[in-house]
J.: 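Take a look at this one; I'll ask things after.
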Amino acid sequence: MSALQPARGTRDLIGEDARRHFHVIETARRIAAVWGFDEWATPVFEDTRVFARGLGDTSDVVMKEMYTFADRGGDSITLRPEATAGICRALVSNGLTQTLPQKVFYTGPMFRYERPQKGRYRQFHQIDVEVLGSPEPLADAEVIACGWTILQALGVAKDVTLELNTLGDKASRDAYRAALVDYFSAHKSSLSEDSLARLERNPLRILDSKDEGDRHVVAGAPVIDPHLTPDAARFYDGVRRHLTHFSIPFVENRRIVRGLDYYSHTAFEFVTSALGAQGTVMGGGRYDGLVEEMGGPHTPCIGWAAGVERLAMLLAAPPAPPAPVAVIPVGEAAEAAAIGVLQVLRAAGIRAEAEYRGNLKRRMERANRAGARAAIILGDDEIARGVAQLKNLASGMQSEVKLAELAAKLG
RNA sequence: GCGGACGUAGCUCAGCUGGUAGAGCGCCAGGUUGUGGUCUUGGAUGUCGUGGGUUCGAGCCCCAUCGUUCGCCCCA
C-alpha cells in the first residue's frame, strides 16, 4: 500500500472505466462529424494570459483553481482549465477569422485545482462543440441539438433535462445586473455569507444559490425579461423557435447562469439528478466577446462543453469488449502454424489472440476467460491435412475447417 | 477553501467490551493420454493508509497526516 498512487484528483482509466470513457468520446466524435464539425487539437498548456483574459478575473476558475507555474524560462504557463479560450486563441493565431464560420469538435484533458469529489477531478476530460463566427440563433439551436443527439446516442438523454436561459446582450445584462444589485442589497440581512460575497463579484450567481434562506430571497428577485433589449429578446425568440424545429425538448430556467465571464445571450445546461452535486453534464452558451479578448475581430460564437467522466458514469452498461478468436497450438510445430493463422485473421480485421501456456485444458480455460467467441485448435495432425478444429465456445459445437477458409468463416 | 463519514488480502467486506488477522470472489497448481464454461483438492498474498501517543499488549482507544466519499463552494 505504500506503492505510489495517482496524484490527488487524478485516476487511471483501465478496463471498464476505460471502455466507458472512450465510448463517450468516440460516440461524440462520430456524431459531431456527421453534424459538420471538424476536430481540432490545441496545446494542453498555454500562456497564462489566454485564460486570465478570456475567463474573466472574477471567476473562481481563474482566481483559485488554475495550475499556473513559471517554466524554466520564467514564462507564466497554465494547464488549460477549459477548452474554449484555447480554441479562440487558435482561431486568431491561425488567421482563421478570415474564413468563418468554423465548426469545431474538441476533446481532451483539462485541469482544475479543486477539491476532488465523485464526478469532479483535477484532471478531467471534456468534449466540446463550438461554432465560431456565426451570429444567427440557428447556430445556437444547431449546437444544442447536436449535443442532445450525442446524449441520445449515449442512452443518457432520458436522465437529462435541457434548461435554457438568456443572459441578453451587454446592455441587457448591465441593466439586469444593476436591478439585481438593487434588489439584493435591500435584502442583505437575509442573504447567506456566500451570497454576500457574490453580490460584490457576480450577483447573477446568487440566483443559483442552494442556500435555503437565499432561495426565499431569490424567489422574489427581478427576472431579466423586462431588461432585455429588443435585439436580445428577438435573438432569444429565434433560439427557442429553432429548437422546436429541431424537436429538442427544453424547459426555461431563469436561474441558469454560466460560471465563466465570457458568456452572453444563450445559456443552457443539460442537468441530471443522478450524479448528486455534480448535476450539470453538459453546459454552454454564446460568447460573442471572447475572440476579441484574444486580439481578433468581433466574432460571435456559440458552444458547449460536457464532462466525459460524468457522462461515463451515466452510461447504463459499458459497451462489451470485442470478443476475440483464440488460436491454440498443440505442440511445437503447431506454434509456427498458429502464427500464420494469427496473421491471416488479424489482416482480415478479426481480433485474435494466441493461447500458448499450459496444457490444452489450460489453454482452453484461458480462451474462455478471455471471452473468446471461438477457439481454433491446431495440432500436428491438423497441420498435416491443412485444417484446424474450430470450436464455437458459446455453443460447444466443433467442426473441422480448412485453414484457407478460417478467416471467411469467422469474419 | 468549509463541514460530515470512511480507509483491513487484487476486489467486496467480517473482525465480539483492546490479547499480535479471517470469509467470499479472483489468482496459481492438481483431479494421468489433444478440449473451456459446472464440480472438486491443495496453495500463495496483508508492515490492518501513514506517522506518533496511551497500554504489559492496539486492526480495534487518542492525536496528526494522506487519500476516498457526501454536502457546501465551484463547475463539465
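As the structure is a prediction and not an experimental result, all values here were calculated from the model. Just the heavy atoms: all of them, side chains too, but no hydrogens, waters or symmetry mates, feed the values below. Throughout, a chain's letter reflects where its sequence line sits, starting with A, and its residues are numbered from 1.
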J.: Let's test this: given Watson-Crick or G-U wobble pairing with both distances under 3.5 Å, identify the partner of B/U45.
T.: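 Its partner is none (no Watson-Crick or G-U wobble pair with both distances under 3.5 Å).
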J.: Does A/Gly396 reach a base, just sugar-phosphate, or nothing at all? Heavy atoms under 4.0 Å.
T.: base
J.: Using a cut-off of 4.0 Å on non-hydrogen atoms, how would the nucleic acid contact of A/Gly9 be classed: base, sugar-phosphate, or nothing?
T.: sugar-phosphate
J.: Would you mind pulling out the nucleotide paired to B/U17, Watson-Crick or G-U wobble, both distances under 3.5 Å?
T.: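 For B/U17, the partner nucleotide comes out as none, under the 3.5 Å rule.
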J.: Over all strands shown, is A/Arg198 touching base, sugar-phosphate only, or nothing at heavy-atom distances under 4.0 angstrom?
T.: sugar-phosphate
J.: Would you say the base of B/U35 and the side-chain of A/Glu365 have a donor-acceptor pair closer than 3.5 Å?
T.: no
J.: Mind checking who B/U35 pairs with, Watson-Crick or G-U wobble, both distances under 3.5 Å?
T.: none
J.: Any side-chain N or O of A/Arg369 under 4.0 Å from OP1/OP2 of B/C27?
T.: yes
J.: Take the protein atom CZ of A/Arg115 and the nucleotide atom P of B/C2, then report the distance between them rounded to whole Å.
T.: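 After rounding, the gap between these two atoms is 8 Å.
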J.: More than 12 heavy atoms of other residues, nucleotides or ligands under 6.0 Å from CZ of A/Phe250: is that the case?
T.: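 Yes - once you tally the heavy atoms of other residues, nucleotides and ligands closer than 6.0 Å, there are more than 12.
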J.: Over how many whole Å does the gap from A/Met364 atom CE to B/G36 atom C1' extend?
T.: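 Computing the A/Met364:CE to B/G36:C1' distance gives 5 Å.
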J.: Using a 4.0 Å heavy-atom cut-off across all strands, classify A/Ala394 as base, sugar-phosphate, or nothing.
T.: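 A/Ala394: base contact, heavy atoms under 4.0 Å.
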J.: Name the orientation class of the two ring planes belonging to A/Tyr176 and A/His227 (parallel below 30°, tilted from 30 to 60°, perpendicular beyond 60°).
T.: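 The rings of A/Tyr176 and A/His227 sit tilted, inter-plane angle from 30° to 60°.
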J.: For the side chain of A/Glu382 and the base of B/G34, is some donor closer than 3.5 Å to an acceptor across the two?
T.: yes
J.: What is the base-pairing partner of B/G1, counting Watson-Crick and G-U wobble geometry with both distances under 3.5 Å?
T.: B/C72
J.: Could you state the CG-P distance from A/Leu207 to B/C75, rounded to the nearest angstrom?
T.: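 Nearest whole value for this atom pair: 13 Å.
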J.: Tell me which of A/Glu269 and A/Arg357 sits closer to the 5' end of RNA chain B, going by the nucleotide each one is nearest to.
T.: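 Mapping each residue to its closest nucleotide by heavy atoms, the 5'-most match is A/Arg357.
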J.: Mapping A/Ala372 and A/Tyr113 to their closest nucleotides on RNA chain B, which lands nearer the 5' end?
T.: A/Tyr113
J.: Should B/C6 form a Watson-Crick or G-U wobble pair with both distances under 3.5 Å, which nucleotide is its partner?
T.: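 When the pairing criteria are applied, B/G67 turns out to be the nucleotide that pairs with B/C6.
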J.: How close or far is atom C1' of B/G4 from atom CD of A/Gln117, stated in whole angstroms?
T.: 12 Å
J.: Do A/Leu403 and A/Leu378 make a side-chain contact, defined as non-hydrogen atoms from C-beta onward lying under 4.5 Å apart?
T.: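 A/Leu403 vs A/Leu378: side chains touch.
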J.: May I ask you to establish whether A/Arg122 and A/Tyr113 are in a cation-pi arrangement, using a distance under 6.0 Å from NZ or CZ to the six-membered ring centre and at most 45° from the ring axis?
T.: yes
J.: After noting the C-alpha distance and the side-chain angles of A/Lys170 and A/Asp288, does the key distance pass the salt bridge (charged side-chain N to carboxylate O under 4.0 Å, His left out) rule?
T.: CA-CA 10 Å; A/Lys170 187 153 191 323; A/Asp288 289 350; over 6 Å; no
J.: If you take atom types as modelled and just measure distance, does the side chain of A/Arg310 reach the base of B/C75 with a donor-acceptor pair under 3.5 Å?
T.: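 Answer yes: a donor N or O sits under 3.5 Å from an acceptor.
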